[in-house]
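Single-structure report; data block below.
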Amino acid sequence: MELELRHLRTVRAIADTGSLTKAAATLGLAQPALSAQLRRIEKALGGALFDRDHTGARATPLGELVLERARVVLPAVSELQAEAVRFANARGALDRFRLGGTHGPLLGGLVDRMAAAHPSAAVSTYTSWSVDEIASLVIDGRLDFALIGTCGESPPPLADRLVWEVVGVDPVFVMLPENHPLAAEAELDLAALADESWADVPGDGCFADCFTAACARSGFTPVSVFETDTSSVVHLVQVGRAIGLCRATFPPTPGVVTRPLAGAPLSWRHLVGWHPHSPAADAAAGTVAGATREAYAEAVSRSPGYARWLGAHPRFGTVA
């Protein structure tokens, strides 16, 4: 019998669980079938791999040798399979731009620029609330580029496997109904909104925790927070049901005003990412990253109040 990967997985499962009974359940096999398979493996390898008694199964010196090799081989093969799938899915990426985003303000601008700059290339989009999902799709080769946001200085997902460039940094603004008593203020203290209900969009990451911490530093706990889609956030603000949290680049909207928070206690980074070994990587540094920065600059220009605010706060805005 030739040794196969499934045999190494069997040996590892027995070692990890400590018994044939538990290993059989883990592998979805009947115990007699697993016992017979183990005997064949031991015969092929020339000796017993486990000492077995009523207390369980413990690796013999030969078993330890096999396990040492298996713990190297199995992850390497899994990585090879994942990399092969990613490469196969990414073939032809230079003739297309598959963009993934998290419902932020820049995806539409990036699509417009890529379609204009590459009229013969197919441009497609995928959106999700989850930055982890978007990043995983880039790893798998099902997307070429990810356009996401992260709270403050928190790292983007899969930072050890993807290349990420920061294209802009925004403070988090608050969104008020235009008839709110504080709507005329140029800047608001977070503490002045202690009695309000809040609304924002859901997502991965630490933003909810950072918002709660910022409120605590201002001496209060939020009354309630509605996590919902952007349209519903706007509606809740317009009817006076909640105060919204939004990026400073949020476009002008009827019935709503956006205002900065004093001291900018919350911030948001816009990033574009790609796999360093994908065919699309060659297009990233110049074409896509540059187009994303242009889309960000356009989003800033659509908010004159934010553009003026940036003049006094140089640590925010476009990142070169």
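Put simply, the side chain of R259 gets close to the backbone of E185: a donor and an acceptor are under 3.5 Å apart. In terms of modelled atom types and a separation under 3.5 Å, the side chain of T212 and the main chain of A208 share a donor-acceptor contact. Using modelled atom types, one side-chain atom of D229 and one backbone atom of S231 make a donor-acceptor pair closer than 3.5 Å. Q238 places a side-chain N or O within donor-acceptor distance of the main-chain N or O of P254, the cut-off being under 3.5 Å. Distance alone, capped at 3.5 Å, is enough to place a donor-acceptor pair between the T253 side chain and the P251 backbone. Here the side chain of S154 pairs a donor or acceptor atom with the backbone of C151 at under 3.5 angstrom. Side chain of R269 to main chain of G168: no donor-acceptor pair is present (N/O by atom type, distance under 3.5 Å, no hydrogens or angles).
Between T127 and L107, some side-chain heavy-atom pair lies under the 4.5 Å cut-off. R9 is listed as a side-chain neighbour of L5, based on a closest heavy-atom distance under 4.5 Å. Considering only heavy atoms from C-beta on, P171 stays 4.5 Å or farther from P260 through its side chain. By the 4.5 Å heavy-atom criterion applied to side chains, R52 and L38 are counted as neighbours. Counting heavy atoms from C-beta outward, T292 and L147 have side chains that approach closer than 4.5 Å.
Ring-plane geometry between Y306 and F173 is classed as perpendicular, the angle between the planes exceeding 60 degrees on a 0 to 90 degree scale with a lower cut at 30.
Residue L236 shares its hydrophobic cluster (ILVMFWY side chains chained together at separations under 4.5 Å) with F226. W198 belongs to a hydrophobic cluster whose remaining members, ordered by chain and number, are V172, V174, L176, L182, L188, L190, L193, F207, F211, F220, V225, I243, L245, V257, L261, L266, W268; membership requires side-chain heavy atoms of ILVMFWY residues under 4.5 Å apart, directly or through intermediates.
Residues satisfying the ring-ring contact (aromatic ring centres under 6.0 Å, His included) criterion with Y296, sequence neighbours excluded, are H270. Listed by chain and residue number, D204 satisfy the side chain to side chain donor-acceptor pair (under 3.5 Å) test with S130 (two or more places apart in sequence, or in another chain). Scanning for side chain to side chain donor-acceptor pair (under 3.5 Å) contacts around R113 gives E294, E298, with sequence neighbours left out. Scored by the ring-ring contact (aromatic ring centres under 6.0 Å, His included) test, W164 finds no partners at all (sequence neighbours excluded). Listed by chain and number, the residues in a ring-ring contact (aromatic ring centres under 6.0 Å, His included) with F50 amount to none (sequence neighbours excluded). Every residue two or more places apart in sequence or in another chain was checked for a salt bridge (charged side-chain N to carboxylate O under 4.0 Å, His left out) with R40, and none qualifies. The salt bridge (charged side-chain N to carboxylate O under 4.0 Å, His left out) check on E2 picks up nothing, with sequence neighbours excluded. Listed by chain and residue number, T55, R58 satisfy the side chain to side chain donor-acceptor pair (under 3.5 Å) test with D53 (two or more places apart in sequence, or in another chain).
Closest approach of L49 and V11 over heavy atoms only: CD1-CG2, 3.8 Å. P177 and V237 make their closest contact through CB-O, 3.2 Å (heavy atoms, listed as atom of the first residue, atom of the second, distance). In this structure, T102 and I148 approach most closely via the heavy-atom pair OG1-CA, 3.6 Å. Of all heavy-atom pairs spanning V223 and S197, the tightest one is CG1-OG, 4.2 Å. Pairing each heavy atom of G46 with each of L62, the nearest pair is C-CD2, 4.4 Å. The minimum heavy-atom distance between R96 and D144, with the atom names listed, is O-OD2, 3.5 Å.
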Begin from the C-alpha positions of V288 and E165 and carry the test side chain to side chain contact (heavy atoms under 4.5 Å, CB included) through to its verdict. CA-CA 11 Å; V288 177; E165 283 195 13; over 6 Å; no

Is there a side chain to side chain contact (heavy atoms under 4.5 Å, CB included) between Y126 and R142? Walk through the geometry before answering. CA-CA 10 Å; Y126 177 84; R142 295 167 61 188; over 6 Å; no

Can V169 and R315 be said to form a side chain to side chain contact (heavy atoms under 4.5 Å, CB included), step by step? CA-CA 8 Å; V169 182; R315 71 186 181 94; over 6 Å; no

Apply the test side chain to side chain contact (heavy atoms under 4.5 Å, CB included) to residues R69 and L65: give CA-CA distance (whole Å), side-chain angles for both, the deciding distance (0.1 Å), then the verdict. CA-CA 7 Å; R69 300 295 192 275; L65 173 66; 3.5 Å; yes

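Using a 4.5 Å cut-off between side-chain heavy atoms of Ile, Leu, Val, Met, Phe, Trp and Tyr, with links allowed through other members, W129 and L99 fall into different hydrophobic clusters. No chain of hydrophobic side-chain contacts below 4.5 Å, direct or via other Ile, Leu, Val, Met, Phe, Trp or Tyr residues, connects F250 to L310. Under the 4.5 Å side-chain heavy-atom criterion for ILVMFWY residues, a single connected hydrophobic cluster contains both F316 and L106. Residue L162 is grouped with residue L110 when hydrophobic side chains (ILVMFWY) are merged at heavy-atom distances under 4.5 angstrom, including chains of intermediate members.
I41 CD1 to R6 CZ: the interatomic distance, rounded to the nearest 0.5 Å, is 8.0 Å. Rounding to the nearest 0.5 Å places OG of S232 at 13.5 Å from CZ of R241. Separation of atoms CD1 (I14) and CG (L20) is listed at 4.5 Å; rounding is to 0.5 Å. With rounding to the nearest 0.5 angstrom, the CZ atom of R98 is 7.0 Å from the OG atom of S124. Here the straight-line distance linking atom CD of E64 with atom CG of L67 works out to 6.0 Å at 0.5 Å rounding.
Residue-environment remark: NE2 (H118) exceeds the threshold of 12 foreign heavy atoms within 6.0 Å. The number of heavy-atom neighbours closer than 6.0 Å to CZ of R161, taken from other residues, nucleotides and ligands shown, is 12 or below.
Listed by first and then second residue, the side-chain hydrogen bond (donor to acceptor under 3.5 Å, both in side chains) pairs that reach into residues 171-183 are H180-E196, sequence neighbours excluded. Residue pairs meeting the side-chain hydrogen bond (donor to acceptor under 3.5 Å, both in side chains) criterion with at least one member in residues 14-36, sequence neighbours excluded, are T21-Q31.
Between D170 and R247 there is no salt bridge, since none of the side-chain N atoms of the basic residue sits less than 4.0 Å from a carboxylate O of the acidic one. By the 4.0 Å N-to-carboxylate-O rule, E68 lies too far from R12 to be salt-bridged with it.
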